[in-house]
J.: 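Right, I'll just put the structure down here and ask away after.
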Amino acid sequence: MKYQLRFGGEGGQGVITAGEILAEAAIKEGRSAFKASIYTSQVRGGPTKVDIIIDDKEILFPYAVEGEVDFMLSTADKGYKGFRDGVKDGGIIVVEPNLVHPEKGDYKRWQVFEIPIITIAKDEVGNVATQSVVALAIAAYMSKCIDLNVLRETMLHMVPPKTRDANAKAFDLGIKYASEAKAKKA
């Protein structure tokens with residue numbers, strides 16, 4: 001099965017790292033995966049987007065097709081407004097509600113979930129830098145694009161050793177909040 005996912009945010013929020021981890025985990029599962037990122041020349045603060053394509057077959061076109069993206073997660077309003085139209089009608093969008101402000105029509109066009117990703121990382125994990133791992137876990141749970149155990153193991157292998165405990169906690173909290181958000185809409 002083919003999945004097209006998009007992470008949007010601002011430089012410094014870790015969306016590109018999250019995309020790299022997801023693609024690596026898919027490859028470890030024996031699938032094809034490709035990550036394509038776009039970011040401004042600013043180191044922090046500019047709009048950032050990473051598209052991740054995962055497929056059981058060889059990927060011949062390594063970019064998401066606009067209007068066919070299955071899942072998007074955004075932690076910045078600039079990235080959300082700039083990249084949301086690539087999500088297919090009825091697709092899933094997760095936003096950080098403290099920073100992203102969907103319009104009324106967005107809730108009719110897509111399945112929009114509001115999960116306070118940065119607050120979870122800052123207040124519950126105790127390290128705001130783990131927001132990308134919270135987001136990664138949420139994306140994987142919501143999109144069902146990958147085995148969560150393979151993703152968790154890959155993530156723990158790719159993060160610096162001194163951050164593994166915090167990132168493991170961030171991953172578990174991402175799954176918890178994603179499952180709760182899905183249950184509320186069911």
J.: For a salt bridge (Lys or Arg N to Asp or Glu O under 4.0 Å) check, start with the C-alpha distance between Glu180 and Lys176, then their side-chain angles and the critical distance, and finish with the verdict.
T.: CA-CA 6 Å; Glu180 289 173 0; Lys176 172 184 176 258; 3.7 Å; yes

J.: Would you check if the side chain of Ser74 reaches a backbone N or O of Val95 as a donor-acceptor pair within less than 3.5 Å?
T.: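 Checked: no pair found.
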
J.: Do you know which of Gln4, Lys88, Arg6 makes side-chain hydrogen bond (donor to acceptor under 3.5 Å, both in side chains) with Asp70?
T.: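 That would be Lys88; it is the only one of Gln4, Lys88, Arg6 passing the side-chain hydrogen bond (donor to acceptor under 3.5 Å, both in side chains) with Asp70.
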
J.: Is it true that the side chains of Thr119 and Asp123 contain a donor and an acceptor less than 3.5 Å apart?
T.: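 Side chains of Thr119 and Asp123: no pair found under 3.5 Å.
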
J.: Kindly check if the number of other-residue, nucleotide or ligand heavy atoms within 6.0 Å of OH (Tyr63) is above 12?
T.: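 No, the 6.0 Å shell around OH holds no more than 12 heavy atoms from other groups.
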
J.: Name the residue from Ile16, Thr48, Leu22 that meets the side chain to side chain contact (heavy atoms under 4.5 Å, CB included) definition with Phe7.
T.: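 Of Ile16, Thr48, Leu22, side chain to side chain contact (heavy atoms under 4.5 Å, CB included) with Phe7 is met by Leu22 alone.
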
J.: Do the side chain of Lys35 and the main chain of Ala18 share a donor and acceptor less than 3.5 angstrom apart?
T.: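 Not at all, since once roles are kept as given, no pair shorter than 3.5 Å links the two residues.
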
J.: Any side-chain hydrogen bond (donor to acceptor under 3.5 Å, both in side chains) pairs touching residues 15-30, not counting sequence neighbours?
T.: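 Counting only pairs at least two positions apart or across chains, the side-chain hydrogen bond (donor to acceptor under 3.5 Å, both in side chains) contacts touching residues 15-30 are Glu29-Arg31.
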
J.: Less than 4.0 angstrom from a charged side-chain N to a carboxylate O is my criterion; do Lys2 and Glu68 meet it?
T.: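 So Lys2 does not pair with Glu68 through a salt bridge.
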
J.: Are Leu156 and Ile21 connected, step by step, through hydrophobic side chains (Ile, Leu, Val, Met, Phe, Trp, Tyr) whose heavy atoms are closer than 4.5 Å?
T.: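 Yes, because Leu156 and Ile21 connect within a single hydrophobic cluster, where side-chain heavy atoms sit under 4.5 Å apart.
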
J.: Run through the side-chain heavy atoms of Ile, Leu, Val, Met, Phe, Trp and Tyr, join any pair under 4.5 Å, and report what else lands in Phe34's cluster.
T.: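 Direct or chained contacts put Phe34 with Ile53, Ile59.
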
J.: Do Lys81 and Glu103 pass the side-chain contact (heavy atoms from CB on, under 4.5 Å) test, and can you show the C-alpha distance, the side-chain angles, and the key distance before you say yes or no?
T.: CA-CA 10 Å; Lys81 291 202 165 78; Glu103 297 167 7; 3.9 Å; yes

J.: Identify the heavy atoms of Met72 and Tyr80 that sit nearest to each other, and give their distance.
T.: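 Met72 and Tyr80 have their closest heavy atoms at CE-CA, 3.7 Å.
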
J.: So, does Asp51 use its side chain to make a donor-acceptor pair with the main chain of Ala36 at under 3.5 Å?
T.: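 Side chain of Asp51 to backbone of Ala36, a donor-acceptor pair under 3.5 Å: no, none is there.
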
J.: Would you say the side-chain atoms of Glu96 pair up with the backbone N or O of Ile118, donor to acceptor, closer than 3.5 Å?
T.: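 A pair under 3.5 Å: yes.
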
J.: Thinking salt bridges, do Arg109 and Asp85 make one under a 4.0 Å N-O criterion?
T.: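 Salt bridge between Arg109 and Asp85, a charged N being under 4.0 Å from a carboxylate O: yes.
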
J.: Ile175 versus Leu148: any side-chain heavy-atom pair under 4.5 Å?
T.: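 They are in side-chain contact.
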
J.: For the residue pair Ile146 and Tyr3, establish whether any side-chain heavy-atom pair is separated by less than 4.5 Å.
T.: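 No. Closest side-chain heavy atoms not under 4.5 Å.
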
J.: Identify the two heavy atoms, one from Ala181 and one from Met142, that lie closest to each other, and give their separation to 0.1 Å.
T.: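 Reported closest heavy-atom pair: CB-CE, 4.0 Å.
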
J.: Picking from Asn167, Asp172, Leu173, what satisfies side chain to side chain contact (heavy atoms under 4.5 Å, CB included) with Val133?
T.: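 Running side chain to side chain contact (heavy atoms under 4.5 Å, CB included) over Asn167, Asp172, Leu173 with Val133 returns exactly one hit, Asn167.
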
J.: Show every side-chain hydrogen bond (donor to acceptor under 3.5 Å, both in side chains) that has at least one partner inside residues 135-150, sequence neighbours left out.
T.: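 Residue pairs passing side-chain hydrogen bond (donor to acceptor under 3.5 Å, both in side chains), neighbours aside: none found.
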
J.: Which atom names give the shortest non-hydrogen contact between Leu73 and Ala139, and what distance separates them?
T.: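 Nearest heavy atoms, Leu73 then Ala139: CD1-N, 4.5 Å.
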
J.: So do the side chains of Thr130 and Val159 get within less than 4.5 Å of each other, counting heavy atoms only?
T.: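 Side-chain contact under 4.5 Å: no.
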
J.: So, applying side chain to side chain contact (heavy atoms under 4.5 Å, CB included) with Phe71, which one of Val94, Val87, Ile52 is it?
T.: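 Going through Val94, Val87, Ile52 one by one, the side chain to side chain contact (heavy atoms under 4.5 Å, CB included) with Phe71 is satisfied by Val94 alone.
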
